[in-house]
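All ligand and atom numbering here is 1-based and tracks the order in the structure.
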Amino acid sequence: MKFLHLADLHIGKSVNGFSMLDEQRHVFRQIIGRIQSERLVAAVIAGDVYDRAVPGVEAVRVFDDFLTELANSNVTVLLISGNHDSPERLTYASRLLSDRQIHLCGMFNGSLRSVTLEDEYGGVNFWLLPFIKPSSVRGMFGECVIDSYDDALTSTLGSANIDYAARNVLVSHQFFTKAGVEPLRSESELNPVGGLDAIDAGLINRFDYVALGHLHGAQTVGGEHIQYAGSPVKYSFSEWRQKKSVTLIELRGKGDLTVTKLPLTPLHDMREIKGALDVLLSEEISAQADKEDYLRVIVTDEEEIIDPMGKLRSVYPNVMALDFENSRTSIDTSALAADIDKVESLSPHDLFSEFFLETSGAVMSEEQTKIVRELLETENEQ
Ligand SMILES: [Mn+2]
């Protein structure tokens, strides 16, 4: 059988104040096209569907359109929540949707869910593991001690009674690493302090394929059969040299697998340019690539320039970031301005949610949200 593996959609994400919704719609159209032309049986979405726990109206609409197109393409959809998603919200209507072969697995309740799809070699079990934290699964497995992410995964898989003689695919959003191999990280991911969330990829080596989300650069972990699909859109300048793709898996008999990267074309690419302002603005340089690309511009002039952003945007409308590299101190002014805009537009509750997400690496639970709301209300009354 052939199926598609994607992850880290981050629908609704803005990069330096620029909405990525048009980029997301653009790659989703390409993904639907490939699903139809390759006659795929399933689309696996390995977490981080939305960029935040409470997505905006437009983001929900874009995902609704994408899910409807997937259903109309007659593929089975297998989806888990990532650390950016609200498990409860992502589970909405999931019991109804499973009748349409759309399996939304947002919450983990102590038993690993599986969906079996058939092909000419028999059944393939897709195991759906939403993003879990040690604290969220503690107590679910009797007396088992769960102190680390490794413990959480070991107990979860151990309780699932997986028959490894059959064909099994794991869908997960945990951070898997292989000892001695430095993963390719991107600035648009969340990195909890100290890398305590890392799990040894040896624990998942017996699956025929592991469809991972979390890392935004496509990469393998300890074998061709363990893959991070990467985000379908570039979400930070640390990714500007990456080529974004979705992953096509052809699984034949036990242990017989082909993995292919299907490249995605952005509406506007993301890139960096560097040099003296006059040179960068010249027709000779600007005509070399699409002027509407998302740019990080590094200006190297020594003299003070009046309104460099205005001048740059008259030629390159989508300049996202401006840096100066000269003998004086360099300051990233545009990023600062975009951040201030963003901060001013958020409510105290949303600001705290963002802060929590950035520092802890996961969205607040319903209970934590309730506590924060109560505290803010008390504060307001006083
Ligand atoms: Mn992500």
For side-chain contact (heavy atoms from CB on, under 4.5 Å), just list the numbers for Leu277 and Leu312, CA-CA rounded to whole Å, side-chain angles, deciding distance to a tenth of an Å, and then say yes or no.
CA-CA 8 Å; Leu277 189 70; Leu312 281 163; 3.7 Å; yes
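Asp48 contributes OD2 as its N, O or S atom closest to the Mn ion (ligand 1).
Residues Phe126 and Phe3 bring their aromatic ring centres within 6.0 Å.
Here the angle at the Mn ion (ligand 1) defined by NE2 in His216 and NE2 in His10 stands at 90°, rounded to 10 degrees.
Put simply, Asp8 gets within reach of the Mn ion (ligand 1), with an N, O or S atom under 2.8 Å from it.
Using a 30° and 60° split on the angle between ring planes, Phe131 and His214 fall in the parallel class, below 30°.
The distance from the NZ atom of Lys311 to the CG atom of Asp278 is 8.5 Å, given to the nearest 0.5 Å.
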